[in-house]
Number of protein chains: 2
Amino acid sequence: MTLDDVAHAAGVSPITVSRALRGERAVAPELVERVRAAALKLGYVPDPAARALASRRSTHVAVLIPMLSNALFVDMVEAIQRRLRPAGYQTLIGITHYDANEEEQLLREHLLHRPAGLLVTGLERTPATRALIANSGVPCVHLMETSTDPGVHSVGFGQADAAAAMTRHLLERGRRRIAFAAAQLDARTLQRLSGWRAALTQAGLYDPVLEWRNPAPSSLALGALLFEQIAAHRPAVDAVFFCNDDLAQGALLAAMRLRIAVPRKVAIAGFNDLTGNDQMLPPLTSVRTPRAEIGSAGADMLLTLMQGGRPPSHTVDLGFELVVRAST
Amino acid sequence: MTLDDVAHAAGVSPITVSRALRGERAVAPELVERVRAAALKLGYVPDPAARALASRRSTHVAVLIPMLSNALFVDMVEAIQRRLRPAGYQTLIGITHYDANEEEQLLREHLLHRPAGLLVTGLERTPATRALIANSGVPCVHLMETSTDPGVHSVGFGQADAAAAMTRHLLERGRRRIAFAAAQLDARTLQRLSGWRAALTQAGLYDPVLEWRNPAPSSLALGALLFEQIAAHRPAVDAVFFCNDDLAQGALLAAMRLRIAVPRKVAIAGFNDLTGNDQMLPPLTSVRTPRAEIGSAGADMLLTLMQGGRPPSHTVDLGFELVVRAST
DNA sequence: CTGAAAGCGCTTACAG
DNA sequence: CTGAAAGCGCTTACAG
């Protein structure tokens, strides 16, 4: 079942079938109709390999994310697939493990397959990776952060702004010694840290000892550990803002074990508003981040670029939302 | 940079280069050496699209899983990629949302791309899907369960056995009214349910009112709800065995809210031993399931099949492990 | 708006 | 063990 069969059935040349099916204009509407009908009747489906070889472009979209074990990226990936699949694109997921060199290696591998598009996480990468993307000529959209560079397409939200907003919320609640606990220490975590720092500085309450960093991956256990350390070393701290919800949830459990009253003695806030926050004791205050929307809008922008179009804007800021629960 | 360039540099014909690079025997060792050196020097990499078109087989492996939001499958997928990538295969992840029809649709789409191999979750699917797999001739390994059919390749563990083992553990702890709470109600959940039922029946303690089913997806919130229902309607229940850890974790939080002592008044057990169980209050007893090992071993079996080999056994049982913590 | 020719970069038989 | 020929199923220029 090939183009020729459809051409035969429709009484046109194969190339006309090719054009009609791809929706190229410059084909008479009635011919398009005839071809479509024939293709449908024969159950014809174009061969992706032949198409890729001839056009030097596949229908694959490579999606590079740091981790799948962070629910954040799962939500984003699912939203991406929901958009890309109906449009006829296959998603290839590459996991970088927050490692710029692994990302570079992954990208090299994926580029060999001539992907139709690229979806990458964040803006920070090795110069070589940046060059690979630029030289490949493959459309690329950056997710999770917003770029000011008009040559870079991005969909995200202001990580620092979101963290600053949460910090101000804690200040409004009367907290004065607000610690920030960070894990992983990837670019976005550090942006959140800077947002927190800016808000505290503005309030005249910034103190470097309030900054707790740990490069290990975010987890309940690490959140518990960080909370225990903060409670032991800085008893005056009256709020802890964690860069991710799993840390905050772990802290809530640790507080219970240590019999430290939340939020009476210390307020606890998280980030991302992952599932389960409403089940915590007390329910966890967090920042809802629009990861699914980022996936959808990022895929839409990429779709536009892959079709040769130009998106209305090179960057889209999808914002965030404070979700205040009983923990603060 | 094509085969021809390498052929030229090595002073042989293109087809010899093709054969040498693919490791086909019937090429003189010294030629293989010469070709390899030339390819390396020129930085030649075969074009996957051309290869797929000519050989009618790609280097893609389609992996069909129910959900990415279940950490279980994330662990499995990561292990699969870790095995398949170095072997030169790309992983295409398809999410079925526990829907047999969606799985069928996904499979149809993936089969158009002539995948080199197929990795699917479980043994239960529509007859059409089964036929699609068989007729495609694409090597396929079934993950998570073990098949008795010698025509079906599988890597998993005894879901019913694992549930029965946990149930016996609860019986040994002196529990007599052991409820089973199930969500999602997919094939594996129902196998666990049957394992629990068998163990209770054997002990002469089976009672249908102890069975709690809810078709909604597993979550902390649903676990809390199920626990509240059980506590309200069946106060005599002295243990609840949840088909998944997130349910059990939600139950633990609900028990705290209701001030029901765990394990004094009621024991709580989960399944899979997802991350965070050790942080719960009290730490959660569970069954550790070898999902990463299943991913690795499944990928290995598929690799063997894709290379035309025959795996030592058509099915591999990787077992499970009881992880007893303070909640039981 | 439509088509004949050439070619994308490999591999599959078929010879020798 | 090696190679010349044909072809995988499309799309890209190039004409008209």
Side-chain angles (χ1 to χ4, degrees), chain A residues 1-36 38-39 42-60 88-90 111-116 137-138 306-308, chain B residues 1-36 38-39 42-60 88 90 111-116 137 306-308:
Chain A
M1 180 58 45
T2 70
L3 258 194
D4 286 340
D5 300 320
V6 182
H8 227 80
V12 296
S13 75
I15 180 61
T16 299
V17 175
S18 168
R19 287 201 268 249
L21 259 28
R22 273 177 302 140
E24 243 188 35
R25 48 189 142 204
V27 178
E30 61 159 49
L31 276 195
V32 172
E33 202 41 56
R34 198 135 48 94
V35 169
R36 282 235 181 95
L42 296 177
Y44 167 76
V45 191
D47 180 315
R51 188 169 256 188
L53 180 57
S55 69
R56 319 188 116 271
R57 184 131 298 183
S58 74
T59 54
H60 293 298
Y89 291 96
Q90 283 71 45
L111 250 21
L112 293 177
H113 290 255
R114 301 206 187 90
V138 177
M306 291 190 299
Q307 286 151 10
Chain B
M1 181 57 44
T2 70
L3 259 193
D4 285 341
D5 300 320
V6 181
H8 227 80
V12 296
S13 74
I15 179 60
T16 299
V17 175
S18 169
R19 287 201 269 249
L21 259 27
R22 274 176 301 140
E24 241 187 36
R25 48 189 142 200
V27 177
E30 62 157 49
L31 277 195
V32 172
E33 202 43 56
R34 208 147 26 109
V35 169
R36 283 235 178 94
L42 297 176
Y44 166 75
V45 192
D47 181 314
R51 186 170 259 186
L53 180 57
S55 68
R56 319 186 116 272
R57 185 129 298 183
S58 74
T59 53
H60 294 298
Q90 283 71 45
L111 250 21
L112 293 177
H113 290 257
R114 301 208 187 88
M306 291 190 299
Q307 286 152 8

J.: Rounding to an integer number of Å, can you tell me how far A:Glu24 CD sits from C:dC1 C1'?
T.: 11 Å
J.: Grab the two heavy atoms, one from A:Leu53 and one from B:Ala49, that are nearest each other, plus how far apart they are.
T.: N-CB, 3.8 Å
J.: Whole Å only: how far is the CE atom of B:Met1 from the P atom of C:dC8?
T.: 15 Å
J.: Assign A:Ala26 to base, sugar-phosphate, or nothing according to its heavy-atom contacts below 4.0 angstrom with the strands shown.
T.: base
J.: So, does B:Arg22 get its side chain near the phosphate of C:dT11, meaning an N or O under 4.0 Å from OP1 or OP2?
T.: yes
J.: Assuming nearest nucleotide by heavy-atom distance, tell me which of B:Ala54 and B:Val27 is located more 5' along DNA chain D.
T.: B:Val27
J.: Considering every strand shown, what is the Watson-Crick or G-U wobble mate of C:dA13 when both distances are under 3.5 Å?
T.: none
J.: With hydrogens left out and only the distance checked, is there a donor-acceptor pair under 3.5 Å joining B:Arg19's side chain and the base of D:dG3?
T.: yes
J.: Please tell me which of the listed nucleotides, C:dT11, C:dG3, C:dT2, lies nearest to the side chain of A:Leu31?
T.: C:dT2
J.: With respect to the phosphate group of D:dT11, does any side-chain polar atom (N or O) of A:Arg51 fall under 4.0 Å of OP1 or OP2?
T.: yes
J.: Report yes if a side-chain nitrogen or oxygen of B:Thr16 is closer than 4.0 Å to either non-bridging phosphate oxygen (OP1 or OP2) of D:dG3; otherwise report no.
T.: yes
J.: With B:Thr16, which of B:Val32, B:Val6, B:Leu31 fulfils side-chain contact (heavy atoms from CB on, under 4.5 Å)?
T.: B:Leu31
J.: OP1 or OP2 of D:dG3 sitting under 4.0 Å from any side-chain N/O of B:Ser13?
T.: yes
J.: Roughly, in whole Å, what's the span from CG in B:Leu53 to C1' in D:dG7?
T.: 9 Å
J.: Roughly, in whole Å, what's the span from CD1 in B:Ile15 to P in C:dG16?
T.: 17 Å
J.: A:Arg114 side chain to A:Ser58 main-chain N or O, any donor-acceptor pair under 3.5 Å?
T.: no
J.: Are more than 12 heavy atoms from other residues, nucleotides or ligands located less than 6.0 Å from atom CZ of B:Arg36?
T.: no
J.: Which pair of heavy atoms, one from B:Ala9 and one from B:Ala38, lies closest together, and at what distance?
T.: CB-CB, 4.1 Å
J.: Go ahead and name the base partner of C:dA4; Watson-Crick or wobble counts if both distances stay under 3.5 Å, otherwise write none.
T.: none
J.: Figure out the CG/P separation between B:Leu3 and D:dG3, and round it to whole Å.
T.: 13 Å
J.: Grab the CG-P distance between B:Asp47 and C:dG7 for me, whole Å please.
T.: 17 Å
J.: OP1, OP2 of C:dG9 versus side-chain N and O of A:Arg56: anything below 4.0 Å?
T.: yes
J.: B:Arg114 CZ to C:dT11 C1': how many Å, rounded?
T.: 13 Å
J.: Write down the distance between NE2 (A:His113) and C1' (C:dC10), rounded to a whole number of angstrom.
T.: 14 Å
J.: Nearest to the side chain of B:Thr2 - D:dC10, C:dG9, C:dG3?
T.: C:dG9
